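Below is one structure; the comments refer to it alone.
Numbering of ligands and ligand atoms starts at 1, following listing order. Model, not experiment: these values are computed from the prediction.
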Amino acid sequence: MKALYVKTYGCQMNVYDSARMADLLAPLGYAPTDAPDAADMVILNTCHIREKAAEKVYSELGKLRKMKEARGGKMMIAVAGCVAQAEGAEIVRRQGAVDLVVGPQSYHRLPEMIAKAARLGGQVLETDFPPEDKFDALPAQTHAGTAAFLTVQEGCDKFCTFCVVPYTRGGEYSRAPQQILDEARRLVELGAREITLLGQNVNAYAHEDWTLARLLHALARIDGLARLRYTTSHPRDMSDELIAAHRDLPQVMPYLHLPVQSGSDAVLEAMNRQHTADDYRRVVGRVRGARGDLALSSDFIVGFPGESDKDFEDTLALVRDIGYAQAFSFKYSRRPGTPASAARKQVPEDVKAARLEALQSLLTAQQKAFGQSCEGRTLSVLFEKPGRKRGQAVGRSPYLQPVHVEGAGDLIGEIREVKIVEAQPNSLKGVLAQ
Ligand code: SAH
Ligand code: SF4
Ligand code: F3S
């Protein structure tokens, strides 16, 4: 047996890819470990979305180089994911301890790359977008959690002016529905009760005459699959049919991550989001019309080039209008090769920091208010794992909040009605409702 250590950065698609890489290496005798210094193979599955995320990789590689030396070189180091795709050649040049560099579209080739590196002893780089379908080459899953991820769509054609994804993940590609349905059935056989469909633009899913809505209807017919989610969606692709699925399919959870980035029309335009703030308000209104108990989350960027105080005020106004259950917010980060990075009117760091603080305090207050609005309600909870205390279990509400429940220790994998007794900053406490 050889030990495999995988460290994952970035989005859920990377989490999915990391699991698939582990599946792929299992037949070669690699078993997962959580101790990097004892690993025969280390994979860093990286993210290029912001500068900080990308920088982390080089510092992590410095540490790994020392571990590799301490083991007399008996450790293979692979860099996968979006940094590998964007700056593979630079990784090879800057860090000689790296053996393999593999992009998100080519990781199914890892076994041959490992053989090649072992045979030739040099660094092996694979970052072309290969002609064959990665998903056809991957082995079937061998384990699944109670809540599983399933990538249905990859890449992006939208080219928001701040974003690297169209370059690191390539153009939009939707997997064949039969392949997705087979994989979903397999995950359910392995114990999954909930599946989150993943894609950079998951609601743009399109394969022949299949749409995301049609896919959700087909998945909802799988016995034992109790909950469906999908992420991340673009406001422009919230079709009537998809909105209707929120009304018609009880399996589709009443929670939607719908990034807006900014509440200013001028900034949205400069970002090439191709919708206005009011378009977004209307889309949210329509989804809420289909599903009254819908809760929302979003992503925001502050300090995009040219963003004025007034633009930022418009973002705060939008947040107040919508009312989010949860959200992510980031300072704009200049990414090499993207149009916005070349804009002349960059916003100073201290202004970005102040705006981020103001936005986050508003979003935190909304998250707290949402948590408190759950107190006294009865919510369905899918139990995922034992809690820290004996007999306790932790599950997720329909709104993805962790819920801690005493006396639910043997209910892992099951869904129960839970009366919420207390909201904490990032979780809820509840009791089983009889
Ligand atoms: N496909 C998704 C977003 C993927 S990236 C969508 O269209 O919404 C996840 C989030 O990272 C984005 O929503 C955005 O808020 C943030 N992000 C992307 N590029 C960024 C950059 N250059 N600087 C700061 N945040 C960025
Ligand atoms: Fe990036 Fe925009 Fe595509 Fe989302 S839609 S992945 S933010 S380019
Ligand atoms: Fe990061 Fe790549 Fe995901 S850049 S956010 S890991 S698609």
Side-chain angles (χ1 to χ4, degrees), residues 7-18 43-57 79-87 102-105 107 127 149 151 153-173 198-205 230-238 256-263 267-268 270-275 280 283 296-305 307 315 324 327-343 346-347 349 352-353 355-356 359-360 363:
K7 184 159 181 175
T8 309
Y9 304 82
C11 63
Q12 287 123 324
M13 302 188 70
N14 266 11
V15 175
Y16 175 86
D17 290 340
S18 288
I43 301 177
L44 299 185
N45 196 10
T46 61
C47 173
H48 201 241
I49 202 81
R50 285 168 291 275
E51 194 179 348
K52 264 208 194 112
E55 268 172 5
K56 267 191 225 153
V57 175
V79 182
C82 292
V83 181
Q85 188 64 45
E87 37 191 83
V102 63
Q105 306 307 341
Y107 66 77
T127 52
F149 290 143
T151 294
Q153 181 273 336
E154 288 201 281
C156 182
D157 296 334
K158 295 219 162 39
F159 291 94
C160 301
T161 56
F162 51 82
C163 183
V164 294
V165 170
Y167 313 98
T168 62
R169 294 260 169 183
E172 268 175 33
Y173 166 79
L198 301 179
Q200 277 307 340
N201 273 296
V202 74
N203 57 345
Y205 175 89
Y230 58 93
T231 198
T232 295
S233 295
H234 196 291
R236 271 167 58 203
D237 295 316
M238 287 307 299
L256 181 63
H257 182 60
L258 196 62
V260 66
Q261 316 299 352
S262 168
V267 173
L268 287 169
M271 287 176 163
N272 189 33
R273 294 290 291 181
Q274 301 196 28
H275 64 80
Y280 182 85
V283 169
L296 282 142
S297 89
S298 186
D299 294 341
F300 296 90
I301 296 177
V302 299
F304 184 80
E307 184 188 68
T315 298
Y324 289 99
F328 302 96
S329 45
F330 313 98
K331 288 191 270 186
Y332 169 70
S333 169
R334 284 171 92 160
R335 307 307 293 126
T338 59
S341 69
Q346 297 291 329
V347 174
E349 237 2 80
K352 284 186 199 171
R355 287 180 187 165
L356 187 67
L359 176 59
Q360 288 188 337
L363 290 168

Which bit of [X] gets closer than 4.0 Å to ligand 1, counting heavy atoms only: side chain, backbone, both or neither?
X: R334; value: neither
X: F330; value: side chain
X: R50; value: side chain
X: R273; value: side chain
X: P259; value: side chain

Taking only heavy atoms of C47, which atoms of ligand 3 are found under 4.0 Å from at least one of them?
->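 That gives atoms 1 (Fe), 4 (S), 5 (S), 6 (S) of ligand 3.
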Which atoms of ligand 3 have any heavy atom of C82 under 4.0 Å away?
-> 2 (Fe), 4 (S), 6 (S), 7 (S)
Under 2.8 Å from atom 1 (Fe) of ligand 2, which protein atoms of type N, O or S occur, listed by chain and number?
->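 Near atom 1 (Fe) of ligand 2, the protein supplies C163 SG.
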Out of T232, D299, V202, whose heavy atom sits nearest atom 6 (C) of ligand 1?
->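 Answer by nearest heavy atom: T232.
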Parallel, tilted or perpendicular: ring planes of Y324 versus Y280, cut at 30 and 60 degrees |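 Rings of Y324 and Y280: tilted, as their planes differ by 30° to 60°.
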Salt-bridge present (K352, E307; N to O < 4.0 Å) = no
So, do T315 and V302 sit near enough that their side-chain heavy atoms are less than 4.5 Å apart?
->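 Answer no - side chains too far apart.
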Could you check atom 4 (Fe) of ligand 2 against the protein and tell me its nearest heavy-atom contact, residue, atom and distance included?
->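 The closest heavy atom on the protein side is R273 NH1, 4.3 Å.
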Residue part near ligand 2, for T232, under 4.0 Å between non-hydrogen atoms =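 The answer is neither; T232 stays 4.0 Å or more away.
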Go through ligand 2 atom by atom and flag the ones less than 4.0 Å from a non-hydrogen atom of N201.
->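 Result: 3 (Fe), 5 (S).
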Below 4.0 Å from any atom of ligand 1, is there a heavy atom belonging to I301?
-> yes
Short N/O distance, under 3.5 Å, between S333 and ligand 1?
-> yes
